[in-house]
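Quick notes on the structure that follows.
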Protein chains: 2
Amino acid sequence: MKKDISTEEKILDHAGQIFKMKGFSGARMQEIADSAGINKAMLHYYFRSKKMLFDKIFENILDDFQQNIIITLNDERSWENKLTALSEKLYMFVYHNEDIPIFLFNELHMNYNFFSEQLFKFKEIKKSSFFKQFMSEMKKGNIIKTDPLQVLVHIFSGIIFPVVAKPIISSMGDLNDKQFDQFLLERKKIVPEIIIQYLKNTGV
Amino acid sequence: MKKDISTEEKILDHAGQIFKMKGFSGARMQEIADSAGINKAMLHYYFRSKKMLFDKIFENILDDFQQNIIITLNDERSWENKLTALSEKLYMFVYHNEDIPIFLFNELHMNYNFFSEQLFKFKEIKKSSFFKQFMSEMKKGNIIKTDPLQVLVHIFSGIIFPVVAKPIISSMGDLNDKQFDQFLLERKKIVPEIIIQYLKNTGV
DNA sequence: CCATAGTTTAACCATTTGGTTGATAAGTTA
DNA sequence: TAACTTATCAACCAAATGGTTAAACTATGG
(Lines give C-alpha, C1' and ligand atoms only; values in the text may rest on other atoms or scores of the structure.)
Protein backbone atom coordinates (compact mmCIF):
# COMPACT_ATOMS: atom_id res chain seq x y z
CA MET A 1 0.00 0.00 0.00
CA LYS A 2 2.92 2.29 0.55
CA LYS A 3 3.20 4.74 -2.28
CA ASP A 4 6.83 5.54 -2.82
CA ILE A 5 6.41 8.97 -4.31
CA SER A 6 10.07 9.56 -4.87
CA THR A 7 10.37 7.48 -8.02
CA GLU A 8 7.35 9.04 -9.63
CA GLU A 9 8.56 12.53 -8.79
CA LYS A 10 12.04 11.69 -9.94
CA ILE A 11 10.58 10.71 -13.30
CA LEU A 12 8.48 13.84 -13.59
CA ASP A 13 11.46 15.94 -12.70
CA HIS A 14 13.98 14.42 -15.08
CA ALA A 15 11.52 13.84 -17.89
CA GLY A 16 10.52 17.49 -17.58
CA GLN A 17 14.08 18.62 -18.03
CA ILE A 18 14.64 16.42 -21.05
CA PHE A 19 11.34 17.23 -22.74
CA LYS A 20 12.02 20.93 -22.27
CA MET A 21 15.44 20.57 -23.81
CA LYS A 22 14.62 18.26 -26.70
CA GLY A 23 10.89 18.44 -27.21
CA PHE A 24 8.55 15.49 -27.41
CA SER A 25 9.94 13.87 -30.52
CA GLY A 26 13.54 14.60 -29.63
CA ALA A 27 13.35 13.10 -26.15
CA ARG A 28 14.15 9.41 -25.65
CA MET A 29 12.59 7.21 -23.00
CA GLN A 30 15.93 5.54 -22.31
CA GLU A 31 17.56 8.90 -21.79
CA ILE A 32 14.90 9.92 -19.31
CA ALA A 33 15.33 6.65 -17.42
CA ASP A 34 19.10 7.03 -17.35
CA SER A 35 18.83 10.62 -16.21
CA ALA A 36 16.49 9.64 -13.39
CA GLY A 37 18.70 6.65 -12.54
CA ILE A 38 15.90 4.13 -12.90
CA ASN A 39 14.84 1.30 -15.16
CA LYS A 40 13.07 2.24 -18.35
CA ALA A 41 10.13 0.00 -17.51
CA MET A 42 9.39 2.28 -14.56
CA LEU A 43 8.39 5.02 -16.95
CA HIS A 44 5.68 2.80 -18.37
CA TYR A 45 4.78 1.45 -14.97
CA TYR A 46 3.97 4.94 -13.69
CA PHE A 47 2.83 6.70 -16.85
CA ARG A 48 1.93 3.99 -19.39
CA SER A 49 3.30 5.73 -22.46
CA LYS A 50 5.62 8.46 -23.61
CA LYS A 51 2.67 10.55 -24.68
CA MET A 52 0.95 10.26 -21.31
CA LEU A 53 4.12 11.15 -19.46
CA PHE A 54 4.58 14.11 -21.73
CA ASP A 55 1.01 15.29 -21.36
CA LYS A 56 1.22 15.32 -17.59
CA ILE A 57 4.38 17.38 -17.69
CA PHE A 58 3.09 19.70 -20.35
CA GLU A 59 -0.09 20.36 -18.46
CA ASN A 60 1.81 21.18 -15.27
CA ILE A 61 4.02 23.63 -17.07
CA LEU A 62 1.13 25.29 -18.85
CA ASP A 63 -0.79 25.58 -15.58
CA ASP A 64 2.16 27.06 -13.80
CA PHE A 65 2.62 29.63 -16.54
CA GLN A 66 -1.03 30.58 -16.61
CA GLN A 67 -1.28 30.80 -12.83
CA ASN A 68 1.63 33.18 -12.71
CA ILE A 69 -0.18 35.52 -15.04
CA ILE A 70 -3.69 35.25 -13.68
CA ILE A 71 -2.65 35.88 -10.09
CA THR A 72 -0.82 39.03 -11.05
CA LEU A 73 -3.73 40.35 -13.07
CA ASN A 74 -6.17 39.68 -10.27
CA ASP A 75 -4.49 41.04 -7.19
CA GLU A 76 -5.06 44.41 -5.58
CA ARG A 77 -3.29 47.06 -7.55
CA SER A 78 -3.84 49.78 -10.07
CA TRP A 79 -3.72 48.72 -13.70
CA GLU A 80 -0.34 50.45 -14.10
CA ASN A 81 1.12 48.52 -11.21
CA LYS A 82 -0.28 45.33 -12.64
CA LEU A 83 1.54 45.89 -15.90
CA THR A 84 4.76 46.58 -14.05
CA ALA A 85 4.22 43.57 -11.81
CA LEU A 86 3.42 41.41 -14.82
CA SER A 87 6.71 42.38 -16.43
CA GLU A 88 8.49 41.55 -13.23
CA LYS A 89 6.72 38.19 -12.92
CA LEU A 90 7.33 37.22 -16.51
CA TYR A 91 10.93 38.30 -16.21
CA MET A 92 11.45 36.14 -13.15
CA PHE A 93 9.68 33.27 -14.82
CA VAL A 94 11.70 33.27 -18.00
CA TYR A 95 14.90 34.04 -16.16
CA HIS A 96 14.53 30.87 -14.12
CA ASN A 97 12.99 28.80 -16.92
CA GLU A 98 14.78 29.87 -20.03
CA ASP A 99 13.67 26.94 -22.12
CA ILE A 100 10.04 26.76 -21.12
CA PRO A 101 8.64 29.42 -23.45
CA ILE A 102 10.10 27.97 -26.61
CA PHE A 103 9.13 24.50 -25.46
CA LEU A 104 5.53 25.52 -24.85
CA PHE A 105 5.12 27.43 -28.08
CA ASN A 106 6.78 24.76 -30.15
CA GLU A 107 4.73 21.88 -28.82
CA LEU A 108 1.56 23.92 -29.11
CA HIS A 109 2.48 24.74 -32.67
CA MET A 110 3.08 21.14 -33.63
CA ASN A 111 -0.02 19.83 -31.98
CA TYR A 112 -2.44 22.71 -31.83
CA ASN A 113 -5.77 20.91 -31.95
CA PHE A 114 -4.70 18.31 -29.46
CA PHE A 115 -4.00 20.80 -26.68
CA SER A 116 -6.94 23.04 -27.40
CA GLU A 117 -8.75 21.90 -24.25
CA GLN A 118 -5.78 22.73 -22.08
CA LEU A 119 -5.78 26.22 -23.52
CA PHE A 120 -9.26 26.97 -22.25
CA LYS A 121 -7.85 28.12 -18.95
CA PHE A 122 -6.29 31.10 -20.65
CA LYS A 123 -9.74 32.47 -21.24
CA GLU A 124 -9.78 33.39 -17.54
CA ILE A 125 -7.37 36.18 -18.31
CA LYS A 126 -10.05 38.10 -20.14
CA LYS A 127 -12.19 37.88 -17.02
CA SER A 128 -9.45 39.17 -14.73
CA SER A 129 -9.92 42.37 -12.75
CA PHE A 130 -7.23 43.97 -14.89
CA PHE A 131 -9.59 43.99 -17.83
CA LYS A 132 -12.34 45.57 -15.78
CA GLN A 133 -10.07 48.24 -14.37
CA PHE A 134 -8.71 48.96 -17.78
CA MET A 135 -12.10 49.34 -19.44
CA SER A 136 -13.28 51.53 -16.62
CA GLU A 137 -10.30 53.87 -16.90
CA MET A 138 -10.76 53.95 -20.63
CA LYS A 139 -14.33 55.10 -20.26
CA LYS A 140 -13.25 57.82 -17.89
CA GLY A 141 -10.87 59.01 -20.57
CA ASN A 142 -7.76 58.38 -18.51
CA ILE A 143 -6.47 55.85 -20.99
CA ILE A 144 -6.17 56.10 -24.74
CA LYS A 145 -8.67 53.90 -26.60
CA THR A 146 -6.98 50.53 -26.96
CA ASP A 147 -7.73 46.83 -26.89
CA PRO A 148 -6.51 45.64 -23.47
CA LEU A 149 -5.41 42.36 -25.01
CA GLN A 150 -3.04 44.33 -27.22
CA VAL A 151 -1.63 45.90 -24.08
CA LEU A 152 -1.03 42.56 -22.42
CA VAL A 153 0.55 41.21 -25.56
CA HIS A 154 2.91 44.17 -25.57
CA ILE A 155 4.16 43.03 -22.18
CA PHE A 156 4.29 39.34 -23.07
CA SER A 157 6.06 40.06 -26.32
CA GLY A 158 8.47 42.51 -24.81
CA ILE A 159 9.65 40.23 -22.04
CA ILE A 160 9.19 36.70 -23.32
CA PHE A 161 10.22 37.10 -26.93
CA PRO A 162 13.83 38.05 -26.24
CA VAL A 163 14.33 34.77 -24.41
CA VAL A 164 12.78 32.84 -27.27
CA ALA A 165 14.95 34.63 -29.80
CA LYS A 166 18.00 34.77 -27.57
CA PRO A 167 20.44 33.23 -30.06
CA ILE A 168 19.52 35.72 -32.76
CA ILE A 169 19.39 38.76 -30.50
CA SER A 170 22.66 37.84 -28.82
CA SER A 171 24.21 37.56 -32.23
CA MET A 172 22.77 40.88 -33.44
CA GLY A 173 24.17 42.75 -30.47
CA ASP A 174 27.25 40.60 -30.04
CA LEU A 175 26.21 39.92 -26.47
CA ASN A 176 27.63 37.26 -24.21
CA ASP A 177 25.36 35.60 -21.66
CA LYS A 178 26.04 38.18 -19.00
CA GLN A 179 25.39 41.06 -21.35
CA PHE A 180 22.22 39.42 -22.52
CA ASP A 181 21.01 39.17 -18.93
CA GLN A 182 21.66 42.86 -18.55
CA PHE A 183 19.76 43.51 -21.76
CA LEU A 184 16.79 41.57 -20.44
CA LEU A 185 16.91 43.36 -17.11
CA GLU A 186 16.79 46.68 -18.91
CA ARG A 187 13.77 45.51 -20.90
CA LYS A 188 11.91 44.53 -17.78
CA LYS A 189 12.13 48.17 -16.74
CA ILE A 190 11.58 49.86 -20.07
CA VAL A 191 8.75 47.79 -21.55
CA PRO A 192 6.01 48.66 -19.04
CA GLU A 193 7.19 52.27 -18.99
CA ILE A 194 6.71 52.63 -22.71
CA ILE A 195 3.27 51.08 -22.70
CA ILE A 196 2.01 53.03 -19.71
CA GLN A 197 3.30 56.28 -21.08
CA TYR A 198 1.58 55.56 -24.39
CA LEU A 199 -1.72 54.67 -22.75
CA LYS A 200 -1.79 57.81 -20.60
CA ASN A 201 -1.01 60.06 -23.51
CA THR A 202 -4.64 61.10 -23.92
CA GLY A 203 -4.29 64.82 -24.39
CA VAL A 204 -2.28 64.84 -27.63
CA MET B 1 26.15 16.59 -67.63
CA LYS B 2 22.59 17.74 -67.59
CA LYS B 3 21.56 18.79 -64.11
CA ASP B 4 17.94 17.91 -63.59
CA ILE B 5 17.14 20.57 -61.05
CA SER B 6 13.53 19.67 -60.63
CA THR B 7 14.03 16.68 -58.35
CA GLU B 8 16.47 18.49 -56.14
CA GLU B 9 14.19 21.49 -55.86
CA LYS B 10 11.22 19.29 -55.26
CA ILE B 11 13.06 17.75 -52.32
CA LEU B 12 14.09 21.11 -50.90
CA ASP B 13 10.56 22.35 -51.25
CA HIS B 14 8.76 19.44 -49.64
CA ALA B 15 11.41 18.79 -47.04
CA GLY B 16 11.19 22.44 -46.10
CA GLN B 17 7.49 22.21 -45.51
CA ILE B 18 7.80 19.09 -43.39
CA PHE B 19 10.76 20.29 -41.36
CA LYS B 20 8.96 23.54 -40.64
CA MET B 21 5.88 21.67 -39.50
CA LYS B 22 7.51 18.93 -37.46
CA GLY B 23 11.02 20.08 -36.69
CA PHE B 24 14.18 18.11 -37.32
CA SER B 25 13.52 15.21 -34.99
CA GLY B 26 9.83 15.02 -35.81
CA ALA B 27 10.32 14.87 -39.58
CA ARG B 28 10.70 11.49 -41.29
CA MET B 29 12.74 10.87 -44.39
CA GLN B 30 10.08 8.56 -45.77
CA GLU B 31 7.43 11.20 -45.29
CA ILE B 32 9.52 13.74 -47.15
CA ALA B 33 10.06 11.33 -50.01
CA ASP B 34 6.37 10.50 -50.20
CA SER B 35 5.42 14.15 -50.11
CA ALA B 36 7.82 14.92 -52.94
CA GLY B 37 6.65 11.85 -54.86
CA ILE B 38 10.11 10.35 -55.16
CA ASN B 39 12.10 7.44 -53.84
CA LYS B 40 13.66 7.81 -50.41
CA ALA B 41 17.08 6.96 -51.77
CA MET B 42 16.93 10.17 -53.77
CA LEU B 43 17.13 12.19 -50.59
CA HIS B 44 20.47 10.61 -49.78
CA TYR B 45 21.59 10.77 -53.38
CA TYR B 46 21.19 14.54 -53.40
CA PHE B 47 21.86 15.46 -49.79
CA ARG B 48 23.65 12.46 -48.24
CA SER B 49 21.97 12.61 -44.84
CA LYS B 50 18.96 13.97 -43.02
CA LYS B 51 21.16 16.40 -41.16
CA MET B 52 22.72 17.76 -44.34
CA LEU B 53 19.36 18.16 -45.99
CA PHE B 54 18.10 19.93 -42.91
CA ASP B 55 21.10 22.21 -42.68
CA LYS B 56 20.71 23.40 -46.25
CA ILE B 57 17.07 24.22 -45.67
CA PHE B 58 17.72 25.83 -42.34
CA GLU B 59 20.44 28.01 -43.74
CA ASN B 60 18.23 29.19 -46.59
CA ILE B 61 15.45 30.12 -44.23
CA LEU B 62 17.78 31.92 -41.86
CA ASP B 63 19.35 33.82 -44.76
CA ASP B 64 15.99 34.81 -46.11
CA PHE B 65 14.91 36.09 -42.73
CA GLN B 66 18.09 38.03 -42.15
CA GLN B 67 18.08 39.53 -45.65
CA ASN B 68 14.56 40.82 -45.15
CA ILE B 69 15.69 42.71 -42.10
CA ILE B 70 19.03 43.98 -43.27
CA ILE B 71 17.67 45.38 -46.52
CA THR B 72 15.01 47.33 -44.71
CA LEU B 73 17.46 48.76 -42.21
CA ASN B 74 19.86 49.81 -44.94
CA ASP B 75 17.68 51.53 -47.50
CA GLU B 76 17.11 55.23 -47.92
CA ARG B 77 14.69 56.41 -45.28
CA SER B 78 14.51 58.21 -41.99
CA TRP B 79 14.91 56.05 -38.89
CA GLU B 80 11.19 56.43 -38.16
CA ASN B 81 10.24 55.17 -41.58
CA LYS B 82 12.63 52.29 -41.19
CA LEU B 83 10.91 51.18 -38.03
CA THR B 84 7.54 51.39 -39.73
CA ALA B 85 8.86 49.59 -42.77
CA LEU B 86 10.43 46.94 -40.59
CA SER B 87 7.11 46.28 -38.93
CA GLU B 88 5.49 46.00 -42.31
CA LYS B 89 8.20 43.65 -43.60
CA LEU B 90 8.10 41.43 -40.56
CA TYR B 91 4.34 41.39 -40.67
CA MET B 92 4.33 40.28 -44.29
CA PHE B 93 7.00 37.71 -43.55
CA VAL B 94 5.24 36.08 -40.65
CA TYR B 95 1.87 36.38 -42.32
CA HIS B 96 3.09 34.30 -45.25
CA ASN B 97 5.33 32.03 -43.18
CA GLU B 98 3.46 31.45 -39.98
CA ASP B 99 5.51 28.46 -38.91
CA ILE B 100 8.97 29.75 -39.72
CA PRO B 101 9.61 31.81 -36.59
CA ILE B 102 8.83 29.04 -34.14
CA PHE B 103 10.76 26.62 -36.30
CA LEU B 104 13.83 28.83 -36.36
CA PHE B 105 13.81 29.62 -32.66
CA ASN B 106 13.17 26.06 -31.65
CA GLU B 107 15.92 24.55 -33.74
CA LEU B 108 18.33 27.26 -32.65
CA HIS B 109 17.40 26.57 -29.07
CA MET B 110 17.96 22.84 -29.36
CA ASN B 111 21.23 23.17 -31.18
CA TYR B 112 22.61 26.54 -30.25
CA ASN B 113 26.34 25.92 -30.53
CA PHE B 114 26.01 24.07 -33.77
CA PHE B 115 24.44 26.96 -35.65
CA SER B 116 26.58 29.64 -34.09
CA GLU B 117 28.49 30.19 -37.35
CA GLN B 118 25.30 30.72 -39.28
CA LEU B 119 24.30 33.39 -36.80
CA PHE B 120 27.31 35.52 -37.56
CA LYS B 121 25.46 37.17 -40.39
CA PHE B 122 23.14 38.83 -37.90
CA LYS B 123 26.05 40.94 -36.73
CA GLU B 124 25.59 42.96 -39.91
CA ILE B 125 22.50 44.47 -38.40
CA LYS B 126 24.55 46.43 -35.92
CA LYS B 127 26.49 47.89 -38.83
CA SER B 128 23.37 48.94 -40.72
CA SER B 129 22.70 52.57 -41.54
CA PHE B 130 19.79 52.50 -39.15
CA PHE B 131 22.16 52.30 -36.23
CA LYS B 132 24.18 55.22 -37.52
CA GLN B 133 21.13 57.37 -38.12
CA PHE B 134 19.80 56.49 -34.72
CA MET B 135 22.99 57.34 -32.86
CA SER B 136 23.29 60.56 -34.76
CA GLU B 137 19.75 61.66 -33.90
CA MET B 138 20.37 60.68 -30.32
CA LYS B 139 23.41 62.94 -30.14
CA LYS B 140 21.38 65.79 -31.54
CA GLY B 141 18.89 65.26 -28.74
CA ASN B 142 16.02 64.38 -31.07
CA ILE B 143 15.71 60.92 -29.59
CA ILE B 144 15.55 59.85 -26.00
CA LYS B 145 18.70 58.06 -24.80
CA THR B 146 18.13 54.39 -25.64
CA ASP B 147 19.99 51.35 -26.85
CA PRO B 148 19.01 51.00 -30.54
CA LEU B 149 19.06 47.22 -30.19
CA GLN B 150 16.31 47.54 -27.59
CA VAL B 151 14.34 49.53 -30.12
CA LEU B 152 14.69 46.90 -32.80
CA VAL B 153 13.79 44.18 -30.36
CA HIS B 154 10.62 46.10 -29.52
CA ILE B 155 9.62 45.79 -33.14
CA PHE B 156 10.67 42.16 -33.51
CA SER B 157 8.93 41.21 -30.31
CA GLY B 158 5.81 43.15 -31.05
CA ILE B 159 5.26 41.64 -34.48
CA ILE B 160 6.85 38.20 -34.38
CA PHE B 161 5.94 37.07 -30.90
CA PRO B 162 2.17 37.03 -31.44
CA VAL B 163 2.62 34.52 -34.25
CA VAL B 164 4.83 32.36 -32.09
CA ALA B 165 2.35 32.48 -29.24
CA LYS B 166 -0.70 32.38 -31.46
CA PRO B 167 -2.42 29.45 -29.72
CA ILE B 168 -2.18 31.09 -26.33
CA ILE B 169 -3.10 34.58 -27.47
CA SER B 170 -6.01 33.29 -29.53
CA SER B 171 -7.22 31.48 -26.49
CA MET B 172 -6.82 34.49 -24.19
CA GLY B 173 -8.87 36.68 -26.46
CA ASP B 174 -11.15 33.94 -27.72
CA LEU B 175 -10.13 34.82 -31.27
CA ASN B 176 -10.79 32.73 -34.33
CA ASP B 177 -8.27 32.77 -37.16
CA LYS B 178 -9.83 35.73 -38.88
CA GLN B 179 -9.99 37.74 -35.70
CA PHE B 180 -6.41 36.88 -34.95
CA ASP B 181 -5.37 38.18 -38.37
CA GLN B 182 -7.14 41.41 -37.56
CA PHE B 183 -5.38 41.53 -34.21
CA LEU B 184 -2.03 41.14 -35.93
CA LEU B 185 -2.86 43.78 -38.52
CA GLU B 186 -3.67 46.20 -35.73
CA ARG B 187 -0.35 45.44 -34.06
CA LYS B 188 1.58 46.15 -37.23
CA LYS B 189 0.19 49.67 -37.05
CA ILE B 190 0.36 50.30 -33.34
CA VAL B 191 3.75 48.83 -32.45
CA PRO B 192 5.97 51.24 -34.39
CA GLU B 193 3.73 54.14 -33.33
CA ILE B 194 4.28 53.41 -29.67
CA ILE B 195 8.02 53.10 -30.03
CA ILE B 196 8.46 56.18 -32.15
CA GLN B 197 6.32 58.27 -29.85
CA TYR B 198 8.37 57.07 -26.90
CA LEU B 199 11.65 57.85 -28.58
CA LYS B 200 10.65 61.36 -29.58
CA ASN B 201 9.34 62.22 -26.15
CA THR B 202 12.51 64.12 -25.25
CA GLY B 203 11.05 67.18 -23.59
CA VAL B 204 9.29 65.56 -20.65
C1' DC C 1 6.49 -14.78 9.70
C1' DC C 2 4.14 -15.35 5.77
C1' DA C 3 0.69 -13.86 2.26
C1' DT C 4 -0.20 -10.20 -0.49
C1' DA C 5 0.16 -6.03 -2.98
C1' DG C 6 3.25 -2.73 -4.78
C1' DT C 7 7.84 -1.88 -6.91
C1' DT C 8 11.93 -2.80 -9.70
C1' DT C 9 14.79 -5.14 -13.01
C1' DA C 10 16.90 -7.61 -17.07
C1' DA C 11 15.79 -9.52 -21.12
C1' DC C 12 12.95 -9.36 -24.90
C1' DC C 13 9.90 -7.82 -28.89
C1' DA C 14 7.91 -5.49 -32.93
C1' DT C 15 8.22 -1.56 -35.46
C1' DT C 16 10.27 2.46 -37.13
C1' DT C 17 14.00 4.88 -38.95
C1' DG C 18 18.07 6.67 -41.37
C1' DG C 19 20.84 4.90 -44.50
C1' DT C 20 22.85 1.48 -48.26
C1' DT C 21 23.14 -1.36 -52.36
C1' DG C 22 22.99 -3.22 -56.80
C1' DA C 23 20.44 -3.16 -60.68
C1' DT C 24 18.16 -0.41 -64.20
C1' DA C 25 16.79 3.45 -66.85
C1' DA C 26 17.77 7.75 -69.14
C1' DG C 27 20.47 11.06 -71.03
C1' DT C 28 25.11 12.57 -73.11
C1' DT C 29 29.02 12.26 -75.86
C1' DA C 30 31.98 10.61 -79.45
C1' DT D 1 25.52 2.78 -81.77
C1' DA D 2 28.76 1.95 -78.10
C1' DA D 3 30.79 3.86 -73.90
C1' DC D 4 29.85 6.54 -70.11
C1' DT D 5 27.76 9.43 -66.74
C1' DT D 6 23.73 10.71 -64.13
C1' DA D 7 19.25 9.67 -62.09
C1' DT D 8 15.90 6.54 -60.10
C1' DC D 9 14.10 2.63 -57.75
C1' DA D 10 12.90 -1.65 -54.99
C1' DA D 11 14.73 -4.28 -51.68
C1' DC D 12 17.48 -4.56 -47.88
C1' DC D 13 20.02 -3.63 -43.35
C1' DA D 14 21.54 -2.42 -38.72
C1' DA D 15 20.51 0.40 -35.09
C1' DA D 16 17.34 2.76 -32.34
C1' DT D 17 13.06 3.12 -30.10
C1' DG D 18 8.69 2.66 -27.51
C1' DG D 19 6.75 -0.79 -25.21
C1' DT D 20 6.09 -5.63 -22.76
C1' DT D 21 6.88 -9.53 -19.73
C1' DA D 22 7.95 -12.56 -16.24
C1' DA D 23 10.54 -13.05 -12.51
C1' DA D 24 12.50 -11.06 -8.28
C1' DC D 25 12.55 -7.97 -4.57
C1' DT D 26 10.44 -5.15 -0.79
C1' DA D 27 7.36 -3.76 2.56
C1' DT D 28 3.53 -4.16 5.46
C1' DG D 29 -0.41 -5.69 7.87
C1' DG D 30 -2.71 -9.74 9.94
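Within every chain, numbering begins at 1; the chains are lettered A, B, ... in the order of the sequence lines, protein sequences first and strands thereafter. These figures come from a predicted structure and were not determined experimentally.
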Inset, instruction - Specify the separation, in whole Å, of atom NZ of Lys50(B) and atom C1' of dA15(D). - result: 14 Å
Legend entry - Asp181(B): partners by side-chain contact (heavy atoms from CB on, under 4.5 Å), with sequence neighbours left out: Tyr95(B)
Inset, instruction - Within residues 29-45 of chain B, find the residues that approach DNA chain C with a heavy atom at under 4.0 Å, and present them sorted by residue number. - result: Met29(B), Lys40(B), Ala41(B), His44(B)
Legend entry - Partner set under side-chain contact (heavy atoms from CB on, under 4.5 Å) for Lys126(A), not counting sequence neighbours: Phe131(A), Asp174(B)
Legend entry - Any Arg28(B) side-chain nitrogen or oxygen under 4.0 Å from OP1 or OP2 of dG18(C): yes
Inset, instruction - Could you pull out all residues at least two apart from Arg48(B) that satisfy side-chain contact (heavy atoms from CB on, under 4.5 Å)? - result: Met52(B)
Legend entry - Atom-to-atom span, CZ of Phe24(B) to C1' of dT17(C) - whole angstrom: 12 Å
Legend entry - Phosphate OP1/OP2 of dG18(C) contacted by Ser49(B) side-chain N/O (<4.0 Å): no
Legend entry - Quiz item: cation-pi between Lys50(A) and Phe24(A), 6.0 Å / 45°: yes
Inset, instruction - For Phe180(A), enumerate each residue passing the ring-ring contact (aromatic ring centres under 6.0 Å, His included) test, keeping only those at least two apart in sequence or located in another chain. - result: none
Legend entry - Pairing residues for Lys140(B) by the side-chain contact (heavy atoms from CB on, under 4.5 Å) criterion, not counting sequence neighbours: Ser136(B), Glu137(B), Asn142(B)
Inset, instruction - Considering just the side-chain nitrogens and oxygens of Arg48(A), establish if one lies under 4.0 Å of OP1 or OP2 belonging to dG19(D). - result: no
